[in-house]
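Just so it is clear, the model here is predicted, and its values are computed rather than measured. Residue numbers run from 1 in the order of the sequence given.
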Amino acid sequence: MSGIECEELRKAYGEVEALGGVSFAVEPGEVLALLGPNGSGKTTTVRILTTLAVPDSGAARVAGRDILHEAERVRRMIGLTAQATVLDGFLTGREYLEIVARLRHIPRSRRRREIAALLDEFELGDFARSPTSGYSGGMRRRLDLAASMLGRPLVLFLDEPSTGLDPHSRECMWDAIRRRAHAGATVLLTTQYMEEADALAHSVIVLARGRIIERGTPNSLKDTIGGSVVELTLADPFQREEALACLAGAGDPAPSERAEVLSFVLSQSSPPLLEILQRLDAYAIEVSDVIVRRPTLDEAFLHLTRGSEEAPTRELAPAVG
């Protein structure tokens, strides 16, 4: 039994097509990352699979249950962290988890132990008796994540869960997700952080315009760039424009946050790196450092989604591994 199975899900809001026939499956113990630009259909997919929205057509099963005909049973088996965190500021952290635990019909004998364990896991134990109105944004997010894991759900839906979390809290959350997947839970994660998808996901789906444009493992997506990324550090950053003109046609440009660093993809059709360096030397452009590395998932994502409004959707085989 797959944790999640969906076939040809379609959803439109008026004239806007949010999903145009999305199909995929996620197995128990697997973490799937849904990636895509804003408006690509990620949250719509989560809302449909968690029974918060009804598809116009298509079918889906979550934990073996049909989302349309067995919606109540689906809700008993899942945990959800939505994009927005909404808490009653008058409740303490423990009280909030107690209410959620009761709504999930967790037996009293388990309830106290599970709440205490989650408060410790998300480093909220010292604030359990404090009203959530005094919590920072990150603490409120961690409490929301803890609530989604109450009752040991078979399937976890996490819609941009890292929003508002500092690096330490993010690592804490990643460890919590890994533990659930290792214990057999199915996890569907949407995120804007490619580092997060690379660290957690067994498989990745890239959406654009409500359609799947690529799927595979994080490593196979990196391979879609078709070459290595070269980073050249200029001794004089004011020569950047001259260097870019000199390197025109040498490779596909890649993003760089530093003015003195030129990044580009060196594919099989590109000139050899030695020839590129000799070209720069001929124009008296000094290079102080050269790095050749594998593309990141960030770069692969930008490569795949660049021009996706015009790119036709192609049929794709399911991810393996």
Residues Leu145 and Ser148: closest non-hydrogen pair is O-OG, 2.7 Å

Take Arg94 and Ile115 through the side chain to side chain contact (heavy atoms under 4.5 Å, CB included) test and state the conclusion after the steps.
-> CA-CA 7 Å; Arg94 187 181 298 278; Ile115 288 172; 4.2 Å; yes

Taking Arg141 for the side chain and Pro161 for the main chain, is one N or O donor matched with an acceptor at less than 3.5 Å?
-> yes

Okay, side chain of Tyr96, backbone of Pro131: is any donor-acceptor separation there less than 3.5 Å?
-> no

Between Leu143 and Leu97, does a side chain to side chain contact (heavy atoms under 4.5 Å, CB included) hold up when you go through it step by step?
-> CA-CA 8 Å; Leu143 184 63; Leu97 292 182; 3.8 Å; yes

CZ/Arg240: more than 12 non-hydrogen atoms of other groups inside 6.0 Å | yes

Does Asp88 offer a backbone N or O that forms a donor-acceptor pair with the side chain of Thr132 under 3.5 Å?
-> yes

So, does Ser288 use its side chain to make a donor-acceptor pair with the main chain of Thr233 at under 3.5 Å?
-> yes

Within the side chain of Glu70, is there an N or O that forms a donor-acceptor pair under 3.5 Å with the backbone of Asp66?
-> yes

All heavy atoms of Pro218 vs all of Asp198, minimum pair found to be CB-OD1, 3.4 Å

Straight-line distance of Thr45 OG1 to Leu19 CG, nearest 0.5 Å | 4.0 Å

Pro295 to Lys222 - nearest heavy-atom pair and separation = O-CD, 3.4 Å

If only atom types and distance count, is the side chain of Ser220 paired as donor or acceptor with the main-chain N or O of Gly216 below 3.5 Å?
-> no

Tell me, do Glu123 and Ser169 make a side-chain contact under 4.5 Å, heavy atoms counted?
-> no

Could you state the interatomic distance from CD (Glu196) to CD (Glu160), rounded to the nearest 0.5 Å?
-> 9.5 Å

With the threshold set at 4.0 Å, does a side-chain nitrogen-carboxylate oxygen contact exist between Arg209 and Glu17?
-> no

In this structure, are over 12 heavy atoms from other groups packed under 6.0 Å from Tyr13 atom OH?
-> yes

Compare every heavy atom of Leu49 with every heavy atom of Cys6, then report the nearest pair and how far apart it is.
-> CB-CD2, 4.3 Å

NZ/NE/NH1/NH2 to OD/OE distance under 4.0 Å, Arg102 and Glu98 | yes

Can Val187 and Leu158 be said to form a side chain to side chain contact (heavy atoms under 4.5 Å, CB included), step by step?
-> CA-CA 8 Å; Val187 182; Leu158 305 174; 4.1 Å; yes

Give the intermediate values and the outcome of side chain to side chain contact (heavy atoms under 4.5 Å, CB included) for residues Leu273 and Val230.
-> CA-CA 9 Å; Leu273 180 57; Val230 177; 3.9 Å; yes

Chi angles and distances behind the salt bridge (charged side-chain N to carboxylate O under 4.0 Å, His left out) call for Asp223, Arg294 = CA-CA 9 Å; Asp223 291 339; Arg294 190 174 189 190; 2.9 Å; yes

Is there a donor-acceptor pair closer than 3.5 Å between any side-chain N or O of Thr92 and the backbone N or O of Glu95?
-> yes

Can you tell me how far CG of Asp144 sits from CE of Met149, rounded to the nearest 0.5 angstrom?
-> 10.5 Å

Roughly how far, to the nearest 0.5 Å, is the OG1 atom of Thr190 from the CD1 atom of Ile205?
-> 12.5 Å

Sidechain N-carboxylate O distance under 4.0 Å for Arg112, Glu114 | no

Tell me, yes or no, whether the heavy-atom count around Glu72 atom CD, taken from other residues, nucleotides or ligands under 6.0 Å, exceeds 12.
-> no

Between the side chain of Glu231 and the main-chain N/O of Val290, is any donor-acceptor distance below 3.5 Å?
-> no

Flag, side chain of Arg104 to backbone of Leu150, donor-acceptor distance under 3.5 Å | yes

From Thr50 OG1 over to Phe157 CZ, what is the distance, rounded to the nearest 0.5 angstrom?
-> 6.5 Å

Transitive ILVMFWY cluster of Val229, excluding itself - 4.5 Å side-chain cut-off | Ile225, Val265

For Ser228, the side chain to side chain contact (heavy atoms under 4.5 Å, CB included) test, sequence neighbours excluded, returns Val292

Least distance between heavy atoms, Ile276 atom then Leu247 atom | CG2-CD2, 3.2 Å

What one should report as the nearest heavy-atom pair of Ser162 and Met173 is OG-CE, 3.4 Å

Using the side chain to side chain contact (heavy atoms under 4.5 Å, CB included) rule, pick out the option among Val204, Leu221, Asp298 that qualifies with Met194.
-> Asp298

For the pair Glu30 (side chain) and Glu27 (backbone), establish whether a donor and an acceptor sit closer than 3.5 Å, ignoring hydrogens and angles.
-> yes

Is the closest side-chain heavy-atom distance between Leu34 and Leu189 below 4.5 Å?
-> no

With Arg170 as the cation and Tyr193 as the aromatic partner, state whether NZ or CZ is under 6.0 Å from the six-membered ring centre and within 45° of the axis.
-> yes

Residue Arg110 excluded, over 12 heavy atoms near CZ under 6.0 Å | yes

Kindly check if the number of other-residue, nucleotide or ligand heavy atoms within 6.0 Å of CD (Glu7) is above 12?
-> no

More than 12 heavy atoms of other groups within 6.0 Å of Gln83 CD | yes

